Amino acid sequence: MRKYLGFGLLLCVILIATLNGNHHSNVFAATKDVQAIKNGKVVYYKDVNSLLYDELNEGVPFTKKVKDYSTKKWVALDSVTIVKINPSKSIYFSKAAAADKYIKTYKKKNNVTLKKVKLKTIQANAQEKYKKEAPSIVLKASTTKPTNKDVTVNVTVTDNKKVTLKKWAIGAKPANTFLTEGTKLTTKSFTVSKNGTYTVYALDNDGNKRTKSIKISNIDKTNPTISLTPSTTDTTNEDVIVTASINDNVKVVSKKWASGDQTATYFTKNGTEFTSNTFKIETNGTYTVYAKDSAGNTHLQTITISNIDKTAPTITLSIPESDTTAVSKKIQFSTTDDNGIQDQKWAYGNKDVEYFVDKGSRIAPLQSASQKDKIVALKNGVYTVYAEDKLGNKAVKTITVDGISEFFEVTQTGVHCEVCRMDLYNTDPNKVYTAKAIDQEGYTHYFCRIGCMYHQEHANGIAFAHKYVRDYGVTAPRLNNWIAVEKAVTVKYRADETAKGIMGWKLFHFTDLSSAANYLGVSKENIVTEKLENISEYAKINNKGMDYQYEADKVAQ
């Protein structure tokens with residue numbers, strides 16, 4: 001009864017194995033000396049070759065054991081010595097010495113030498129058999145180039161037997177998982193929309209299985225990102241450099257920019273390519289940047305530039321006096337600019353903007369709101385007015401003066417000091433122009449006092465070619481009574497006065513001390529002189545209305 005029960009149990013195991021589709025591998029020997037843990041269960045094989053074949057067929061490593069011939073204990077397959085008894089039978093020894101002893105004894109009894117078989121040899125035989133009998137799978141992607149579309153995987157399966165089942169699944173999957181997983185494949189391809197590894201499974205009617213994986217990494221449906229940064233957001237009269245930071249998962253194949261708020265279609269044939277990460281904007285407005293990657297994804301980003309001001313100041317000139325005048329005419333002018341004026345100059349003659357870089361006479365600010373900007377023209381001809389705004393935009397404008405009769409150097413009514421804007425009258429001998437200077441071009445400038453002359457010199461940053469002061473020792477009318485400043489004796493009205501007398505009309509100029517004593521009605525011993533360098537230095541640091549000009553010079557340096 002026990003004999004039949006054991007035989008029946010063996011038949012059941014064989015039947016179950018056959019139903020599982022393992023026709024080739026699970027043929028069990030009565031000795032049950034080869035086993036593996038398959039899907040969590042102990043399965044027996046007729047020989048090691050069958051076990052190794054089934055391991056390849058399932059696509060996962062097994063825990064493989066054989067029974068030691070000497071001890072009858074189960075030991076790991078990769079630790080034993082295998083002895084081949086006959087073409088269909090092998091025995092296993094956990095100790096090499098025991099195997100050698102068995103071979104020696106067997107030869108002595110049977111006069112036959114047994115062979116040891118290496119596990120690598122059996123594995124190679126199993127692999128060769130699996131290669132021939134399992135289905136062959138070839139996978140090919142519809143494209144390997146970057147794309148923003150789905151990719152089709154073409155599947156070719158061939159086999160010596162009939163292929164009864166084909167499936168595919170996401171991920172790298174072994175064959176044994178397709179018993180419960182995977183999508184049935186009824187055509188010769190399947191389509192994927194995401195990058196990743198995909199596995200195809202094939203089963204033939206002999207139970208042979210094979211899997212093949214393919215990695216898809218060229219799908220990119222993410223648009224490029226664009227970040228735009230202007231070189232400055234402060235108001236400027238320079239071009240603005242826009243830095244475009246463009247990032248993408250794949251290569252960016254096209255970068256363009258264009259003025260206006262544009263669409264992606266616009267850039268199909270239009271727009272300006274740029275190869276670096278910057279481009280230059282010359283005028284205010286909205287600008288669009290376009291990026292396209294190698295997969296065909298596109299993106300747009302706009303930036304609005306509104307801080308460029310290249311508009312030069314507006315200069316308006318007029319001459320109110322239309323009749324012929326005996327001494328001078330006043331050129332009235334105004335300069336306006338949205339960002340404010342930082343410098344104004346004038347010069348005799350038709351001059352361009354470059355001339356005023358280091359030439360011309362600066363015009364001091366008005367001292368009160370009731371005053372108007374004006375230049376006193378002492379001779380006929382062309383006069384140029386220059387203005388520069390706080391951004392550095394520059395403009396010039398000319399006006400022609402005529403109708404001035406020949407000028408004789410006498411005390412005149414209405415002559416205008418170039419610096420302090422004071423009109424000079426002949427009603428007071430102290431309030432006539434008492435200083436004059438000749439510039440590098442030979443043009444004469446008149447000032448109400450020596451301090452204003454030094455103001456103008458310091459403001460322009462260029463020394464006058466010649467400087468003169470009026471000789472107070474000469475009786476009226478004052479005609480050509482000028483002394484070169486380096487030869488003049490400059491005295492103070494009071495001994496306790498300082499150089500600030502230049503601002504208070506209390507400095508007087510003579511050819512010698514005796515003339516000074518006679519004019520002031522004091523003895524020569526009480527005459528106090530003032531050095532010219534003191535006057536010049538005081539004019540430089542106490543410039544009143546011309547402060548802005550000196551500050552502009554400092555910034556320019």
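None of the values given here were measured: they were computed from a predicted structure.
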**Prompt:** Taking all non-hydrogen atoms of both residues, which atom of Thr199 and which atom of Lys173 are closest, and how far apart?
**Reply:** OG1-N, 3.1 Å

**Asked** Just by modelled atom types, is the Lys84 backbone N or O under 3.5 Å from a matching donor or acceptor in the Ser90 side chain?
**Response** no

**Message:** Using side-chain heavy atoms (C-beta onward) and a distance below 4.5 Å, is Val242 in contact with Ser231?
**Reply:** no

**Request:** Considering only NZ, NE, NH1 and NH2 on the basic side and carboxylate oxygens on the acidic side, decide whether Lys251 and Asp220 come within less than 4.0 Å.
**Result:** no

**Request:** Cation-pi check, Lys72 to Tyr69: give yes when NZ or CZ is under 6.0 Å from the six-membered ring centre and within 45° of the ring axis, no otherwise.
**Result:** yes

**Request:** Could you list the residues that satisfy salt bridge (charged side-chain N to carboxylate O under 4.0 Å, His left out) with Lys390, not counting sequence neighbours?
**Result:** none

**Parallel, tilted or perpendicular: ring planes of Phe279 versus Phe274, cut at 30 and 60 degrees** = tilted

**Message:** I need the minimum non-hydrogen distance between Val200 and Ile137, along with the two atoms involved.
**Reply:** O-CD1, 3.6 Å

**Prompt:** Ala347 and Lys351: which non-hydrogen atoms are nearest, and at how many Å?
**Reply:** CB-CG, 4.1 Å

**Asked** Is there a side-chain contact between Lys67 and Tyr92, using heavy atoms and a 4.5 Å cut-off?
**Response** no

**Asked** Are any of the side-chain heavy atoms of Lys188 and Asn154 separated by less than 4.5 Å?
**Response** no

**Asked** Just wondering, do Thr311 and Asp338 contact through their side chains at under 4.5 Å, heavy atoms?
**Response** no

**Request:** Kindly indicate whether the side chain of Val42, heavy atoms from C-beta on, has any atom under 4.5 Å from the side chain of Ile37.
**Result:** yes

**Item:** Parallel, tilted or perpendicular: rings of Tyr287 and Trp257 (30°, 60°)
**Value:** tilted

**Request:** Give a yes or no on whether Lys65 atom NZ has more than 12 heavy-atom contacts from other residues, nucleotides or ligands under 6.0 Å away.
**Result:** no

**Message:** My understanding is that only residues two or more places apart in sequence, or in another chain, count here; which of them pass side-chain hydrogen bond (donor to acceptor under 3.5 Å, both in side chains) with Tyr386?
**Reply:** Glu388

**Asked** Which pair of non-hydrogen atoms, one from Asp206 and one from Lys161, has the smallest distance, and what is that distance?
**Response** OD2-CE, 3.1 Å

**Prompt:** Quick one: which of Ile331, Val385, Val382 gives a side-chain contact (heavy atoms from CB on, under 4.5 Å) with Ile399?
**Reply:** Ile331

**Request:** Could you pull out the closest heavy-atom pair between Gly360 and Tyr355, with the gap in Å?
**Result:** N-CE2, 3.9 Å

**Message:** How close do Asp239 and Lys280 get, counting heavy atoms only, and between which atoms?
**Reply:** OD2-CD, 3.2 Å

**Asked** Taking side chain as C-beta onward, heavy atoms only, is Pro61 less than 4.5 Å from Glu55?
**Response** yes

**Prompt:** Just wondering, do Lys129 and Tyr53 contact through their side chains at under 4.5 Å, heavy atoms?
**Reply:** yes

